Amino acid sequence: MSLKFYNTASRSKEVFQLLETNDTVKMYCCGPTVYHYAHIGNLRTYIFEDVLRRTLEYHGFSVKHVVNITDVGHLTSDADDGDDKMEKGAARTGKTVWEVAEYYTQAFMKDWKSLNIVEPVIWCKATDHIPEQIQLIQNLEAKGFTYKTSDGIYFDSAKFNRYPEFANLDVENLRQGSRIDMGEKRSATDFALWKFSPPNQKRAMEWESPWGLGFPGWHIECSAMAMHHLGETLDIHCGGSDHVRVHHTNEIAQSECATGKLFSRFWLHGEFLRMGGGKMSKSTGEFLTISLLQKKGFDPLDYRLFALTSHYRNYLNFTWEALENARESLKSLRRKTDPLIGKGGEIKSALALKIQKSFKEAIGDDLNTPMALGVLNEMLKEDLEDFEKASLVLDFDRVLGLNLGQSRLEPLTEVDPSIVKKIEDLLAQRNEARKAKNWSESDKIRDELLKMKVTIQDGPNGTSWSF
RNA sequence: GGCGACGUACCCAAGUUGGUAAGGGACGGCUCUGCAAAAGCCUUAUUCCUCGGUUCGAGUCCGAGCGUCGCCUCCA
């Protein structure tokens with residue numbers, strides 16, 4: 001069964017297969033700059049990439065998945081007047097830049113875990129790969145693709161004919177009305193490879209280089225780390241849609257000029273999460289994080305399911321109502337799949353195999369998660385043996401990652417034993433009242449419990465309760 | 001100014017090479033229940049932003065328009 005992905009490079013869906021010389025998919029995903037918490041829009045992209053990796057594995061590939069952590073500060077503009085994001089983060093939090101990087105890296109990894117995103121095979125930090133970056137710049141310099149200005153070493157995009165191809169750029173018109181500050185750059189599309197430290201200023205992060213004390217440019221780290229860990233040609237490179245224009249275009253330029261080889265065979269880009277009509281952005285200050293969602297009573301996996309209900313290449317509108325939909329939907333899925341836990345058996349009926357095939361086709365068709373979820377829901381309604389349903393749920397969850405059909409750890413909230421005692425006392429009183437058919441009394445107790453945010457359920461085997 | 005995306009029921013959202021609108025949530029109805037809750041069943045777009053065109057047939061192709069948004073500065 002073929003696996004198809006929409007390749008930004010060709011603007012069309014292409015069948016994905018491995019080169020004959022390889023046995024592993026080499027996949028590089030652009031990670032975060034750790035100067036602030038990741039917001040749920042950022043995380044949408046990592047969920048998409050997680051589904052991508054899981055889908056590759058579901059279709060039988062092994063994947064060498066590399067994600068970078070950008071822990072070095074980059075200026076916010078080409079000119080020297082921009083602020084360094086890491087230094088800004090340090091000023092905001094009163095920590096050193098290294099502490100800021102460590103703190104937000106940990107926070108980021110915690111988010112990944114809570115969203116059930118599979119750990120990459122390699123996490124790599126920009127500051128651990130300074131020599132590789134310097135080497136790559138030296139390589140470009142030796143081949144004549146660079147020039148020097150008073151503030152750094154720049155890539156000369158005019159030397160790379162195919163520069164505009166990837167993003168379909170109209171280089172001439174880029175200049176008109178653009179917000180680019182040219183500085184000493186020869187062209188708007190040139191970009192810094194290495195920046196010199198300002199003469200009278202001590203930077204928190206700077207390194208010795210053949211060009212003097214300074215720090216790497218904004219795109220070089222990804223090329224250097226991707227090639228260091230995966231070789232000169234990658235199978236898949238991905239990131240957010242905003243990376244197409246600048247970041248990935250520049251990565252292609254510097255990598256292909258250095259090696260003379262194709263940098264990546266496939267390019268996949270995730271579209272933005274929208275909120276209130278526009279994208280969610282760190283610079284505007286107002287943004288949502290996983291921990292905020294948790295404070296509002298959501299399970300991170302509610303958000304994961306929400307992300308899965310739309311296709312990764314389309315905008316997704318975040319509303320609280322939509323997240324509540326996802327929460328209800330996940331609850332309902334769990335009610336259906338929890339009783340199947342541990343009951344798995346061989347999938348062999350024609351119907352079950354047909355459903356499994358539909359799922360694989362849906363997910364294999366450029367990661368159509370909404371359709372895959374549809375297949376899951378339909379399957380649960382079908383007339384199948386429990387052992388087949390149980391196995392199909394586990395099978396589908398290898399891609400969906402919603403922890404369905406397997407035992408989960410119970411909610412992290414520790415309940416105070418004295419409160420439990422009180423609830424149980426009230427329940428006992430209520431059951432007495434019910435035995436005596438004193439309905440007004442029993443309803444009164446139920447209301448009291450509701451005030452404590454406790455919901456109860458009367459079943460044939462007694463009353464159960466939950467928060 | 002350049003490039004690009006999107007507009008499907010109350011909400012989220014799919015719709016492959018055009019063949020007669022997935023799925024989820026909410027709502028409403030029914031069953032069950034002392035009443036609830038939970039669960040089960042049923043119902044919910046003659047119609048896909050508008051107007052033209054191609055076609056036996058268009059949400060799907062073409063053209064025009066309206067609306068929303070993104071990228072072109074770091075950004076997922």
Side-chain angles (χ1 to χ4, degrees), chain A residues 4 11 13 29-33 35-36 38-49 70 73-79 82-85 88 164 167-181 188-189 218 238-247 249 269-274 277-283 305-306 308-311 313-333 335-336 361-362 365-366 368-378 381 434 437-440 442-443 446 450 455-459 463-465:
Chain A
K4 284 171 289 182
R11 312 266 157 168
K13 276 190 203 174
C29 301
C30 285
T33 300
Y35 70 103
H36 213 317
H39 64 239
I40 61 175
N42 298 318
L43 265 4
R44 181 191 181 197
T45 297
Y46 302 113
I47 293 172
F48 136 63
E49 290 162 353
T70 295
H74 295 149
L75 299 182
T76 51
S77 95
D78 255 337
D83 291 315
D84 180 302
K85 284 195 295 187
K88 234 172 142 178
N168 189 214
L169 296 178
D170 180 345
V171 177
E172 283 307 307
N173 277 313
L174 222 48
R175 294 175 200 178
Q176 295 176 25
S178 77
R179 293 168 289 180
I180 296 170
D181 183 339
T189 50
W218 317 309
C238 35
S241 63
D242 57 318
H243 280 153
V244 177
R245 284 307 160 126
V246 178
H247 187 54
T249 288
H269 295 95
E271 196 42 270
F272 280 134
L273 179 76
R274 281 187 185 175
K279 73 165 181 172
M280 190 171 289
S281 161
K282 283 183 191 168
S283 50
L305 177 59
F306 169 67
L308 262 32
T309 60
S310 81
H311 187 92
R313 279 194 291 116
N314 285 143
Y315 290 107
L316 173 59
N317 297 308
F318 178 88
T319 60
W320 289 104
E321 188 185 356
L323 187 62
E324 279 158 19
N325 283 352
R327 173 168 61 190
E328 291 311 309
S329 182
L330 183 58
K331 260 192 210 163
S332 156
L333 273 174
R335 276 195 290 268
K336 289 172 195 156
E361 273 173 0
D365 182 11
D366 198 31
N368 195 333
T369 50
M371 185 165 275
L373 286 170
V375 173
L376 169 64
N377 278 300
E378 295 279 281
K381 285 190 276 192
R434 292 183 70 217
K437 294 195 192 292
N438 186 350
W439 309 126
S440 65
S442 75
D443 288 351
R446 181 167 58 206
L450 270 174
T455 11
I456 55 178
Q457 282 180 36
D458 295 326
T463 304
S464 61
W465 62 274

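Lettering follows sequence order; numbering is per chain, from 1. Predicted, not measured: the structure shown is a model, and the values here were computed from it. Computation of the quantities below employed the complete heavy-atom set of this structure, encompassing side-chain atoms and omitting hydrogens, waters and symmetry-equivalent molecules.
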Examine the base of rA76(B) for any acceptor or donor lying under 3.5 Å from a partner atom in the side chain of Arg44(A), and report the outcome as yes or no.
-> no
Out of rG34(B), rC74(B), rA13(B), which has the shortest distance to the side chain of Arg434(A)?
-> rG34(B)
How long is the line joining CG of Leu373(A) and P of rG23(B), in whole Å?
-> 13 Å
Atom pairs, protein N/O to nucleotides 27-29 of chain B N/O, distance under 3.5 Å:
none

In whole Å, what separates the P atom of rG18(B) from that of rC12(B)?
-> 29 Å
Is the side chain of Asp365(A) donor-acceptor paired with the backbone N or O of Glu361(A) at a distance under 3.5 Å, no angle test?
-> no
Mind calculating the distance between CG (Asn314(A)) and P (rA5(B)) to the nearest angstrom?
-> 11 Å
Determine the interatomic distance between P on rC51(B) and the same-named atom on rA76(B); round to the nearest Å.
-> 42 Å
Write down the distance between CE (Met371(A)) and P (rG23(B)), rounded to a whole number of angstrom.
-> 11 Å
Figure out the NZ/P separation between Lys336(A) and rA38(B), and round it to whole Å.
-> 14 Å
Within this structure, what is the CG-to-P distance between Leu323(A) and rA26(B), rounded to whole angstrom?
-> 14 Å
Would you please confirm or rule out a distance under 4.0 Å between OP1 or OP2 of rC71(B) and any side-chain N or O of Lys279(A)?
-> yes
Can you check the Phe318(A) CZ to rC69(B) P distance for me, whole Å?
-> 19 Å
Which nucleotide in the set rA76(B), rG25(B), rC3(B) lies at the smallest distance from any side-chain heavy atom of Asn325(A)?
-> rG25(B)
Look only at the side chain of Ser332(A) and the backbone of Glu328(A), and say whether a donor-acceptor pair between them is shorter than 3.5 Å.
-> no
Listed nucleotide nearest any side-chain atom of His243(A), set rC75(B), rG25(B), rG70(B) = rC75(B)
Can you tell which of rC69(B), rA76(B), rA26(B) lies closest to the side chain of Glu328(A)?
-> rA26(B)
Any donor-acceptor N/O pair, Thr249(A) side chain to Val244(A) backbone, under 3.5 Å = yes
Candidates rG34(B), rA14(B), rA76(B) - which lies nearest the side chain of Trp439(A) | rG34(B)
Can you tell me how far P of rG70(B) sits from CG of Asn168(A), to the nearest Å?
-> 21 Å
Salt-bridge contact Asp366(A)-Arg313(A) (side-chain N to carboxylate O under 4.0 Å) | yes
Below 4.0 angstrom from OP1 or OP2 of rG25(B), is there any side-chain N or O of Ser332(A)?
-> yes
Starting at CG of Asn317(A) and ending at C1' of rG70(B), how long is that distance when rounded to a whole Å?
-> 13 Å
